[in-house]
Participant: 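This is the structure I have questions about; it appears just below.
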Amino acid sequence: MPRLAHISLLVRDYDEAFAFYVDKLGFTLVEDKQEPNKRWVTIRPPGAPLDATTILLARASTPEQLAVVGGQTGGRVFLFLETDDFQRDYDRFTSNGVEWVRPPAKMDYGTVAVFKDLYGNQWDLIERVD
């Protein structure tokens, strides 16, 4: 198995999720296919290679799925978004209204801050040091 293809992220609504991840965070839309009773929407971070793992925005369709939107990891950081320019992305996210849970901190491994997505999932924004 050479790679992980997709990570599924439960969302309430495709369009509101698209607006957050693409418009606020700058993610790239990879696919948006609509079929009867199904929509396949995948995104990836800007500048990621074409064969990079994508996030599948999966609309919750049952009460059980709706109950865990925003809490798929029980309150822990869910995804780690690595950047090559922490300050640039931190400033852009901040100006786009992204909510920060923990401010930037310099750690042995790099600079990191934690933000929430529109559903409350926590993400690390991290720039690693060599």
Side-chain angles (χ1 to χ4, degrees):
M1 287 182 253
R3 69 184 187 95
L4 184 62
H6 310 286
I7 296 170
S8 181
L9 176 62
L10 283 171
V11 301
R12 280 191 304 259
D13 178 82
Y14 290 115
D15 294 329
E16 71 181 11
F18 182 86
F20 181 83
Y21 293 106
V22 174
D23 297 340
K24 282 194 174 192
L25 298 186
F27 276 51
T28 301
L29 176 64
V30 177
E31 289 183 275
D32 187 354
K33 295 181 182 177
Q34 295 193 33
E35 302 171 6
N37 303 320
K38 186 177 182 178
R39 186 172 174 188
W40 181 265
V41 180
T42 58
I43 58 174
R44 70 172 170 252
L50 295 179
D51 65 346
T53 300
T54 62
I55 296 175
L56 170 67
L57 300 178
R59 187 179 58 81
S61 59
T62 67
E64 293 81 14
Q65 291 172 2
L66 280 168
V68 296
V69 168
Q72 289 179 223
T73 60
R76 293 195 58 140
V77 169
F78 180 42
L79 296 168
F80 298 76
L81 185 58
E82 193 166 314
T83 179
D84 61 354
D85 187 333
F86 182 90
Q87 197 62 52
R88 174 200 65 211
D89 293 331
Y90 179 83
D91 291 344
R92 183 168 47 91
F93 289 4
T94 300
S95 70
N96 286 338
V98 170
E99 179 184 348
W100 296 98
V101 177
R102 282 190 298 237
K106 299 266 187 195
M107 309 298 274
D108 292 341
Y109 54 84
T111 304
V112 63
V114 179
F115 68 92
K116 285 186 182 181
D117 68 15
L118 74 163
Y119 301 112
N121 293 303
Q122 293 186 38
W123 292 61
D124 269 4
L125 176 64
I126 182 170
E127 181 179 10
R128 295 191 182 278
V129 293
D130 293 331

Participant: When you measure from the side chain of Lys116 to the backbone N and O of Glu99, does any donor-acceptor pair fall under 3.5 Å?
Facilitator: no
Participant: What heavy-atom pair brings Phe78 and Gln72 nearest, and what distance separates the two atoms?
Facilitator: CZ-NE2, 3.7 Å
Participant: Mind listing the closest non-hydrogen atom pair of Gln65 and Arg59 along with its distance?
Facilitator: OE1-O, 4.1 Å
Participant: Check the hydrophobic clustering (I, L, V, M, F, W, Y; side-chain heavy atoms under 4.5 Å; chains of links allowed) and say if Leu125 and Val101 are grouped together.
Facilitator: no
Participant: To the closest 0.5 Å, what do you measure between CD (Glu82) and CD1 (Ile126)?
Facilitator: 6.5 Å
Participant: Answer yes if the ring centres of Tyr14 and Phe18 are under 6.0 angstrom apart, and no otherwise.
Facilitator: no
Participant: Could you tell me if Tyr119 and Glu16 have a donor-acceptor pair between their side chains, going purely by distance under 3.5 Å?
Facilitator: yes
Participant: Taking the side chain as every heavy atom from C-beta outward, state whether Arg88 and Thr83 have any atom pair closer than 4.5 Å.
Facilitator: yes
Participant: I need the Phe27 CZ to Leu57 CG distance, nearest 0.5 Å.
Facilitator: 9.5 Å
Participant: Please report the closest heavy-atom contact between Asp84 and Glu127, naming both atoms and the distance.
Facilitator: O-OE2, 3.1 Å
Participant: Could you check whether any side-chain heavy atom of Arg39 comes within less than 4.5 Å of a side-chain heavy atom of Asp32, counting everything from C-beta outward?
Facilitator: yes
Participant: Between Asp85 and Arg92 (salt bridge meaning N to carboxylate O under 4.0 Å), is one present in this structure?
Facilitator: no
Participant: Quick one: closest heavy-atom pair of Arg3 and Thr53, and the distance?
Facilitator: NH1-N, 4.2 Å
Participant: Are any non-hydrogen side-chain atoms of Asn121 and Leu79 less than 4.5 angstrom apart?
Facilitator: no
Participant: How long is the straight-line distance from CG of Asp130 back to OH of Tyr109, given to the nearest 0.5 Å?
Facilitator: 16.0 Å
Participant: Which label fits Phe115 and Phe93: parallel for a plane angle under 30°, tilted from 30 to 60°, or perpendicular past 60°?
Facilitator: perpendicular
Participant: Check for me, please, whether Leu4 and Val77 land in the same ILVMFWY cluster - side-chain distances under 4.5 Å, paths through other members count.
Facilitator: no
Participant: Kindly work out whether a path of hydrophobic side-chain contacts (I/L/V/M/F/W/Y, heavy atoms less than 4.5 Å apart) joins Val11 to Leu81.
Facilitator: yes
Participant: Does some side-chain heavy atom of Leu118 sit less than 4.5 Å from a side-chain heavy atom of Tyr21?
Facilitator: yes
Participant: Would you compute the distance between atom CG of Leu25 and atom CG of Asn96 and round it to the nearest 0.5 angstrom?
Facilitator: 8.0 Å
Participant: Between Asp13 (side chain) and Asp15 (backbone), is there a donor-acceptor pair under 3.5 Å?
Facilitator: yes
Participant: Could you state the interatomic distance from CD1 (Ile43) to CD (Glu31), rounded to the nearest 0.5 Å?
Facilitator: 12.5 Å
Participant: If you take all heavy atoms of Leu29 and Thr42, which pair is closest and at what distance?
Facilitator: CD1-O, 3.6 Å
Participant: Which atoms form the tightest heavy-atom contact between Arg102 and Ala113, and what is the distance?
Facilitator: O-CB, 3.5 Å
Participant: Going hydrophobic residue to hydrophobic residue with side-chain gaps under 4.5 angstrom, can you get from Ile7 over to Val41?
Facilitator: yes
Participant: Among the clusters formed by ILVMFWY side chains lying less than 4.5 Å apart, do Leu66 and Leu9 turn up in the same one?
Facilitator: no
